[in-house]
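Contents: one structure, followed by commentary.
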Amino acid sequence: EMRVQLNGFSAWITINDMEQTSHSIEYSPDGSLATCWIVSEAGKNFSVHWQDLQHTYSSHGRVFVDGMGGHGAVLDPSIRLHTTSKNGFRTSRETKRLFMFSESELTDDDQYLHTETMDLGTIKLEIWRCKITYPSRTPSNRVRVFSDPQKIHERSKKGLGHRCKLGPDIHDVKKSACQSKDFDKIATFRFKYRPLAHLQANGILPLNQNRKRAAESRDEGALQAQRIRTLRAELRQLENRQRKRPKHDKVDPGTEDVKVEAGGHSDFIDLT
């Protein structure tokens with residue numbers, strides 16, 4: 001499934017604007033949490049999207065990447081705002097840093113043995129029922145600072161291959177802002193991301209996906225090679241025939257070659 005649905009909301013991830021499939025979706029017994037797996041790709045930007053399917057109350061979505069953040073966006077059905085997304089964290093009213101998958105940086109330095117890794121490999125979206133208390137056309141001047149990801153000790157169980165990072169500041173002016181008061185949490189979506197090979201090795205995705213593509217590619221290549229061999233054999237036969245053919249073939253009596261100049265034409269002449 002592409003999107004995960006829970007308690008009147010749906011959520012999904014895009015990578016470089018391409019919607020990703022959510023694999024092995026599971027729900028908590030109390031129905032408040034949905035967990036799934038997605039394939040991450042190092043060096044590519046991603047976005048978190050969510051949609052209000054019922055349009056009954058205002059809501060606030062909080063986005064966390066590897067436990068960092070908590071900033072999000074509101075949905076307000078009174079102004080027909082039913083879908084939104086988050087592609088980075090704002091550092092000021094004119095700048096933001098985009099979400100990006102990156103390779104994990106491992107180290108054998110023991111000072112990193114106790115680095116917090118509990119939320120690594122997880123993109124989390126919390127949906128809260130809220131009341132919009134202060135719509136404003138003047139965005140906040142507050143500046144947020146986000147630290148770069150720490151190294152992970154090679155003996156950590158969180159050698160996941162990928163992690164989230166924030167790209168450099170880009171110019172992005174926030175046009176409007178509002179304040180909201182959250183009341184109760186409606187739903188939590190947890191997207192656990194890993195490289196494709198990791199998901200396949202752990203049985204979350206079947207190995208035959210890559211193998212099937214590789215086999216199809218090999219089959220196509222074999223067919224093309226066979227076709228090339230066949231054409232070469234035909235070409236050799238034609239060349240051999242051409243070499244064996246006399247230089248001046250006899251012309252049957254009563255026939256003659258007719259030369260037609262370029263752009264010319266021939267008329268039918270009745271000789272009877």
- [ ] Report yes if some heavy atom in the side chain of Leu205 is under 4.5 Å from a heavy atom in the side chain of Val39; otherwise report no.
- [x] yes
Open item on the list: Parallel, tilted or perpendicular, judged at 30° and 60°: which one describes the rings of Phe9 and Tyr57?
Closed with: tilted
Task: Any residue meeting salt bridge (Lys or Arg N to Asp or Glu O under 4.0 Å) with Arg62, in chain and number order, not counting sequence neighbours - done: Asp182
Open item on the list: side chain to side chain contact (heavy atoms under 4.5 Å, CB included) for Leu231 and Glu234? Distances and angles first, verdict last.
Closed with: CA-CA 5 Å; Leu231 290 173; Glu234 292 177 0; 4.0 Å; yes
Open item on the list: Do Ser102 and Arg163 have side chains that approach each other closer than 4.5 Å (heavy atoms only, starting at C-beta)?
Closed with: yes
Open item on the list: Less than 4.5 Å apart, side chain to side chain, heavy atoms only: is that true for Val65 and Tyr193?
Closed with: no
TODO: Report the distance from atom CG of Asp52 to atom OG1 of Thr83, rounding to the nearest 0.5 Å.
DONE: 8.0 Å
Open item on the list: Suppose we screen for salt bridge (Lys or Arg N to Asp or Glu O under 4.0 Å). Which residues come up paired with Asp172, at least two apart in sequence or across chains?
Closed with: Arg90
Task: Smallest separation among heavy atoms of Cys164 and Asp66, with atom names - done: N-OD2, 2.9 Å
Task: Heavy-atom closest contact (Gln5 atom, Ser10 atom, distance) - done: CG-CB, 3.8 Å
Open item on the list: I'd like to check Trp37 versus Lys192 (side-chain heavy atoms, cut-off strictly below 4.5 Å). Are they in contact?
Closed with: yes
TODO: Rounded to the nearest 0.5 Å, what's the gap from CG on Asn240 to CG on Leu235? Could you check?
DONE: 9.5 Å
Task: Side chains of Phe99 and Ile123 in contact at under 4.5 Å (non-hydrogen atoms) - done: no
Open item on the list: How long is the straight-line distance from CD1 of Ile132 back to CD1 of Ile79, given to the nearest 0.5 Å?
Closed with: 6.5 Å
Task: Any residue meeting ring-ring contact (aromatic ring centres under 6.0 Å, His included) with Trp12, in chain and number order, not counting sequence neighbours - done: His49
Open item on the list: Please enumerate all residues that pass side chain to side chain contact (heavy atoms under 4.5 Å, CB included) together with Leu238, with sequence neighbours excluded.
Closed with: Arg241
TODO: Name all residues meeting the side chain to side chain contact (heavy atoms under 4.5 Å, CB included) criterion together with Arg232; count only those two or more places apart in sequence or in a different chain, and write none if there are none.
DONE: Ile228, Arg236
Task: Approximate separation, where rounding is to 0.5 Å, of Leu196 CG and Leu207 CG - done: 9.0 Å
Task: Closest approach of Cys130 to His60 (non-hydrogen atoms, all atoms of both residues) - done: SG-N, 3.8 Å
Task: Check: Ile15 and Met18 side chains under 4.5 Å, non-hydrogen atoms - done: no
Open item on the list: Is there a side-chain contact between Phe46 and Ile38 in this structure, where contact means two heavy atoms from C-beta onward sitting under 4.5 Å apart?
Closed with: no
Task: Donor-acceptor contact present, side-chain Ser85 to main-chain Val48, <3.5 Å - done: no
Open item on the list: Testing the basics here: between Ile127 and Gly61, what is the closest heavy-atom pair and its distance to 0.1 Å?
Closed with: CD1-CA, 4.1 Å
Task: Co-members of the apolar cluster containing Ile170 [side chain, <4.5 Å] - done: Leu98
Task: For Glu126, salt bridge (Lys or Arg N to Asp or Glu O under 4.0 Å) partners two or more places apart - done: Lys124, Lys185
Open item on the list: Measuring only between side-chain heavy atoms, which start at C-beta, is Leu166 closer than 4.5 Å to Met68?
Closed with: yes
- [ ] Using the ring-ring contact (aromatic ring centres under 6.0 Å, His included) rule, collect all pairs that involve residues 171-191, keeping only residues at least two apart or in two chains.
- [x] none
- [ ] With sequence neighbours left out, write down each residue that passes side chain to side chain contact (heavy atoms under 4.5 Å, CB included) with Ala42, or none if nothing qualifies.
- [x] Glu103, His162
TODO: Just jot down the side chain to side chain contact (heavy atoms under 4.5 Å, CB included) partners of Asp30, sequence neighbours excluded, or say none.
DONE: Ser28, Ser32
TODO: Could you grab the distance from atom CG of Asp76 to atom NE2 of His55, nearest 0.5 Å is fine?
DONE: 11.5 Å
Open item on the list: Looking at Glu239, I'd like to know if its CD atom is crowded, meaning that more than 12 non-hydrogen atoms belonging to other residues, nucleotides or ligands lie closer than 6.0 Å.
Closed with: yes
TODO: Would you check if there is a donor-acceptor pair between the side chains of Arg229 and Gln226 at a distance under 3.5 Å?
DONE: yes
Open item on the list: With rounding to the nearest 0.5 angstrom, report the CG to OG1 distance, Leu6 to Thr188.
Closed with: 8.0 Å
Open item on the list: Test of understanding: clusters of I, L, V, M, F, W, Y form through side-chain heavy atoms closer than 4.5 Å, transitively. Do Leu75 and Phe64 belong to the same one?
Closed with: no
TODO: Using the side chain to side chain contact (heavy atoms under 4.5 Å, CB included) rule, take Lys86 and Leu125 through it: C-alpha gap first, then chi angles, then the decisive distance, then the call.
DONE: CA-CA 10 Å; Lys86 191 82 173 169; Leu125 168 66; over 6 Å; no
TODO: Report yes or no: does Asn7 contribute a side-chain atom to a donor-acceptor pair with the main-chain N or O of Gly31 at less than 3.5 Å?
DONE: yes
Open item on the list: To check you understand the geometry: which heavy-atom pair defines the closest contact between Val4 and Cys36, and what is its length?
Closed with: CG2-SG, 3.9 Å
Task: Nearest atoms (heavy-atom pairs only) where Ser22 meets Met2 - done: OG-O, 3.0 Å
- [ ] Could I get the full list of salt bridge (Lys or Arg N to Asp or Glu O under 4.0 Å) partners for Glu19, not counting sequence neighbours?
- [x] Arg3
Open item on the list: Check whether Ser40 reaches the backbone of Arg194 with its side chain - one donor and one acceptor, N or O, closer than 3.5 Å.
Closed with: yes
Open item on the list: Filter on salt bridge (charged side-chain N to carboxylate O under 4.0 Å, His left out), then keep only pairs touching residues 8-17, sequence neighbours left out; what's left?
Closed with: none
